[in-house]
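When a ligand or atom number is given, it counts from 1 through the structure's own listing order.
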Amino acid sequence: MRAEVSPMSAAPAAGAPAALADLPALRDRALGAYLGLALGDALGATVEFMTPREIALRHGVHQQITGGGWLKLAPGQVTDDTTMSLALGEALLRGARDGRLHDTGLIAEAYVAWWRGKPVDCGNTCRRGIQRYLRDGSLAGPQSDGDGGNGALMRNLPAALATLGDDAAFVRVSLAQSHVTHHHPLSDAAVLGIGHALRALVVDGSVLRARAHLDALVRDLPVFRYAPYPRRASGYVVDTVQTVLHFYTSHDDFEDAVVGAVNQGDDADTTGALVGMLAGARCGAAALPSRWVSRLQPAVRRAITEQTEALLAMALRHRAPPPPA
Ligand code: MN
Ligand code: MN
């Protein structure tokens with residue numbers, strides 16, 4: 001379903017919604033994005049680092065959440081893409097509670113706690129950044145060619161939700177959380193471009209406005225062009241963005257888009273997660289495939305549902321004042 005008629009249309013201008021968390025449609029799209037992220041992660045992890053040919057030989061078309069993969073996951077278990085997002089969201093909520101709104105120190109501490117909790121996986125760049133913070137307390141590494149992975153992009157959803165209604169805060173928080181582990185101009189551009197598209201989907205329910213943000217990203221940085229699709233799905237942020245945008249834009253249906261992305265293999269949990277996030281915001285939580293949602297580990301589903309509500313409430317409390325008339 002493509003809703004161009006915004007439930008916000010009778011409300012104040014986009015960006016300063018009057019009752020952000022009270023709108024059932026907006027909440028459904030926000031939850032659709034977060035659950036969609038976890039579904040793509042859980043589905044894709046089974047075939048992470050496989051080639052499309054290996055996937056076809058073993059699974060035909062991989063389309064059931066079964067666990068397994070190189071991480072030997074339980075069915076419905078998620079990986080760092082989802083659990084680092086939850087860690088970021090918790091840090092943002094704690095900051096809002098404790099009078100330390102958008103505090104990057106709390107975010108870095110949350111990544112440390114996440115890492116010490118022995119996550120099932122942790123990317124090399126994330127580990128390096130967390131270790132640098134532990135060593136010298138710095139909240140950002142220097143810009144580095146080695147930081148062009150997708151690790152900051154994969155976990156930014158909570159920053160987009162916590163700052164709905166305040167675009168300047170969205171940019172600030174997104175770049176700050178990214179630079180704890182990833183400091184690279186293409187990572188930054190992807191985090192902001194895909195984040196703006198996600199926010200347009202969630203706040204306005206507008207597929208067209210979201211698409212305009214994605215088109216702007218590709219126009220400003222042609223390295224992200226995805227047509228014709230180059231068929232690389234690695235953890236390099238350029239390959240990831242091309243794969244995500246190709247499958248998100250070429251399928252209206254949530255399941256078709258996510259299945260297409262994960263069957264490209266390679267960093268399949270992360271491309272699946274990001275396609276799931278955008279396509280889940282587009283269709284809303286109520287339209288997600290129930291056989292997948294019921295497979296997600298109950299604790300993960302609960303954590304996502306509670307955190308989505310709390311982040312929207314936070315966004316409502318801290319949204320930017322309306323511009324002067
Ligand atoms: Mn992962
Ligand atoms: Mn991955």
Trainee: Is Asp269 close enough to the Mn ion (ligand 1) to have an N, O or S atom under 2.8 Å?
Mentor: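 Yes, within the cut-off.
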
Trainee: The Mn ion (ligand 2) and Thr79: any N/O/S contact shorter than 2.8 Å?
Mentor: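 False for Thr79.
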
Trainee: Would you name the N/O/S atom of Asp80 that lies closest to the Mn ion (ligand 1)?
Mentor: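 Of the nitrogen, oxygen and sulfur atoms in Asp80, the Mn ion (ligand 1) lies nearest to OD1.
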
Trainee: Hydrogens and angles aside, do Ser234 and Asp266 bring a side-chain donor and acceptor to less than 3.5 Å of each other?
Mentor: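 Distance-only check fails for Ser234 and Asp266.
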
Trainee: Taking both backbone and side chain into account, is any N, O or S atom of Glu48 nearer than 2.8 Å to the Mn ion (ligand 2)?
Mentor: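 So Glu48 does bind the Mn ion (ligand 2) by this criterion.
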
Trainee: Does this structure show an ion pair linking Asp215 with Arg211, if we count only N-O contacts that are shorter than 4.0 Å?
Mentor: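 Judged by the 4.0 Å cut-off on N to carboxylate O distance, Asp215 and Arg211 do form a salt bridge.
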
Trainee: As a test of reading the structure, name the N/O/S atom of Asp81 that is nearest the Mn ion (ligand 1).
Mentor: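 It is OD1 of Asp81.
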
Trainee: Is it the case that Asp188 and His179 place a side-chain donor and acceptor less than 3.5 Å from each other?
Mentor: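 The answer is yes; a qualifying pair exists.
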
Trainee: I'd like to know whether Arg319 forms a salt bridge (charged side-chain N to carboxylate O under 4.0 Å, His left out) with Asp166, so could you lay out the CA-CA distance, the side-chain angles of the two residues, the decisive distance to 0.1 Å, and finally the verdict.
Mentor: CA-CA 5 Å; Arg319 70 190 189 275; Asp166 188 343; over 6 Å; no

Trainee: Return the name of the atom in Asp267, of element N, O or S, nearest to the Mn ion (ligand 2).
Mentor: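 Answer by atom name: OD1.
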
Trainee: One thing to verify: whether Asp103 and Arg94 come together as a salt bridge, which I'm taking to mean a side-chain N less than 4.0 angstrom from a carboxylate O.
Mentor: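 Asp103 and Arg94: not salt-bridged.
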
